[in-house]
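Notes follow the structure.
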There are 2 protein chains.
Amino acid sequence: MCVFYAGKHDRPPIVFAIKRIEVTEKLITPTVVSDSYEVSITVDCAVFGFHEGVLKVLLVKRSIAPYKDHWLLPGGIMEKDQTLEEAVNQVLYHLTGMSDIHQEQVKIYSKVDRHPAKRVVTVCFYALVKPENHPVIAKNHISEVAWFPINEPLPSLAFDHATLFSDAHETLKQNLKRRLLFGELLADAFTLKELQDLYESILNEQLDRRNFRKKMMQLDLLEATGEKKIGVRGGPELYRIKKQSRS
Amino acid sequence: MCVFYAGKHDRPPIVFAIKRIEVTEKLITPTVVSDSYEVSITVDCAVFGFHEGVLKVLLVKRSIAPYKDHWLLPGGIMEKDQTLEEAVNQVLYHLTGMSDIHQEQVKIYSKVDRHPAKRVVTVCFYALVKPENHPVIAKNHISEVAWFPINEPLPSLAFDHATLFSDAHETLKQNLKRRLLFGELLADAFTLKELQDLYESILNEQLDRRNFRKKMMQLDLLEATGEKKIGVRGGPELYRIKKQSRS
DNA sequence: GCAAAAGTGTTCGGGGTACACCCATGG
DNA sequence: CCATGGGTGTACCCCGAACACTTTTGC
C-alpha cells in the first residue's frame, strides 16, 4: 500500500508506506562518491553541408587500427572542464575552421562493447555548415576527409557509426518538419529554389514549387533582400532570414 | 579550396585539398587512449504515474548534504558493464519493484559545475509506471518518497533537476502528440474516459470527448474487451491495446 | 426517477496537395 | 528568339475543432 500525495507542496507529503525490497548501496540517490565508476565520453558529429544542390555529410578515414582505412563520423573526447557542446565545437573548429556552428544533440550510446578496446560512451550530434566554409584535413589518425552525398549509398562506417549517422539524419528530418528553418546550410542570401533544393535533399522527396513558396511566405521568417541572383535565368529574388527569427 | 566528392563510394574519394590550421593532439579522431579524461555518468529519471485521474511524478528527498532535505528526481550512477538503460532499470526496480518499465532518453547535461562537489555528466530519462505498482522507499541518503501532481507547483528541486523535469515533461508531451499510445500508465483494461483523462493530464489541456474517441478509434490501436466497467454510471466499455501495437 | 456519465454524427474552417499559365533572363 | 527557370492563383480533400441529444447505469 502506498499513500499518494495529492495536496500542495507547502504541506509536508503524507507518510509513505514502505514495501521492503533489497536496495543496493550505490543506487537511488545521485550521491557521487569518490570511487564511483568513471568512463570516457566521446562526441561524434554528423556534419551536414549543402553543395551543388546536394546534401552531403563529412566523413573521415581512420589511419590506425581498429577499423584502419574505414570511414567514420568525426569525433573527439570530452575533456576536463569542457561541456559536450564545447567538445563538439572544438571538433568542428578543427575540421572546418569555423566556430558558432549550429549543432543539436541526437542521442547517447552506451553499449558496453561499442569500442573493441575500451569502454566508451558516445554522444552523437549533428551540425550544419555553410558551403562556403572549407573543411580541412586533420593530421593525426586521419588519412582523408571527404564529403559524401547522403542520398547515395555511403561506405560502410566503422564502429556503430552507421547507426549514429542514420539517427542523426532522422533527427535532422524531424527538426526540419517541426518548422525549424535551416538557413545555416545556405549562404546568407539565397533563392527560394536553393532553399527548396535543400529541403528536398534533407527529406529525400520532391516538393511542389508553389506550395513550398506559399508555406515559406506564410511562415513569415524570410525577407526579400531586393536583389536578384545574377547569372541564372528567370532572375530569382534573393532572400535572407529575418534577424529576429534566427535560431 | 576543397574538392567535393560527388561520385559513388566504390571509387576512391577525390583528393582533398588541405587548408592548414593547428590541430591539437587529442581531437578529430575518436581514438581512445588510456589516459583520456574520464567522468562519472549518472542517470536521473522522471517517473510518471497516473492516479485518481491526475498525472504525478515520483520525487525523493535527500537526507545528506549538499541539498539536504531537498526533493529531486531519483537517479543513480552508471556502473561498469552496464548501459545507461540498464542503470535506469536498476533505479526503477529499486524504487518500484518492477522491471520492464517503458523509458525514453530525454537529454544529456554536461555543464561542468552541475554538481558542487565533483564533475558529473547526467543523462535524463523519463519512465511510465502503471498505478497498481507500489513504489517503495529507498534506504540510503533518502528520507522520503512521494508522488506530486505535475499540474500543481512542485517543490523546488535540488541541483538542476527543475530543468531536467521540465525537459522530461516536454519530451513526454511531444512523444504523445506523435501518436504514441501510453497504455503503460494505465491498467491493462481501461475506459476511453480514463485514457482521455491521461491525455489531458499530460498535455495539460481539455480535449473534446467525441473528437478524442473518433481519433483513438481511427488509430486502430485499441480493441474492446467486451466487458464493461462496473461501479460507474453509464456502463463504459473497457478497452485494451491491441497486441501487435504494443511499443 | 433522476443525476451522471457514455455513446453517437454533422458542420465548418484551415491547411495541405494537385495543377497550368505567364513573365524574366541568359545564351 | 527561344529555352530555362521564376513567379503567381484556384479547386479539392482531409483533418481537426466545435457542437447537442439520446441511452445506460448507479444511487
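Note that these values count all heavy atoms, side chains included, but never hydrogens, waters or copies made by symmetry.
Nearest-nucleotide positions on DNA chain C for A/Gly231 and A/Lys215 put A/Lys215 closer to the 5' end. Residue-to-nucleotide proximity on DNA chain C shows that, of B/Lys193 and A/Lys228, the 5′-proximal contact is made by B/Lys193.
Distance B/Phe212 CZ to C/dA5 C1': 16 Å, rounded to the nearest Å. Going from atom CG of B/Leu203 over to atom C1' of D/dG16 covers 15 Å, rounded to whole Å. For the pair A/Asp197 CG and D/dG5 C1', the computed distance is 12 Å after rounding to whole Å. Distance A/Asp208 CG to C/dG16 P: 13 Å, rounded to the nearest Å. As rounded to whole Å, 19 Å separates atom P of D/dC15 from atom NZ of B/Lys177. If you measure from atom CE of B/Met216 to atom C1' of D/dG16, you get 13 Å, rounded to the nearest angstrom. For the pair A/Ile230 CD1 and D/dG6 P, the interatomic distance rounds to 16 Å; values are reported in whole Å. The interatomic distance linking B/Asn211 (CG) with D/dA20 (C1') rounds to 13 Å, in whole Å.
The closest side-chain heavy-atom distance from B/Leu181 to B/Met216 is below 4.5 Å.
Within 6.0 Å of NZ in B/Lys111 there are 12 or fewer heavy atoms belonging to other residues, nucleotides or ligands.
Ring pair B/Phe212/B/Tyr199 is perpendicular by interplanar angle, where above 60° counts as perpendicular and below 30° as parallel. The aromatic rings of A/Phe159 and A/His161 are tilted relative to each other, their planes meeting at an angle between 30° and 60°.
Between C/dG14 and A/Gln218, no contact under 4.0 Å exists linking OP1 or OP2 to a side-chain N or O.
Checking C/dA6, D/dT8, C/dT17 against the side-chain heavy atoms of A/Arg209 singles out D/dT8 as nearest. In this structure, of C/dG26, D/dT8, D/dC19, it is D/dC19 that holds the atom nearest to the side chain of B/Arg210. Here C/dG7 is the nucleotide among C/dA6, C/dG7, D/dG9 with the atom lying nearest to any side-chain atom of B/Arg213. Closest approach to the A/Arg233 side chain among C/dG26, D/dT25, D/dG7 is made by C/dG26 (side chain taken as heavy atoms from C-beta onward).
Below the 3.5 angstrom threshold, one finds a donor paired with an acceptor across the side chain of A/Lys214 and the base of D/dT10.
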Given the rule in the salt bridge (Lys or Arg N to Asp or Glu O under 4.0 Å) test, do B/Lys130 and B/Glu184 qualify, once you have shown the distances and angles that lead to the verdict?
CA-CA 6 Å; B/Lys130 291 206 170 99; B/Glu184 282 123 356; over 6 Å; no
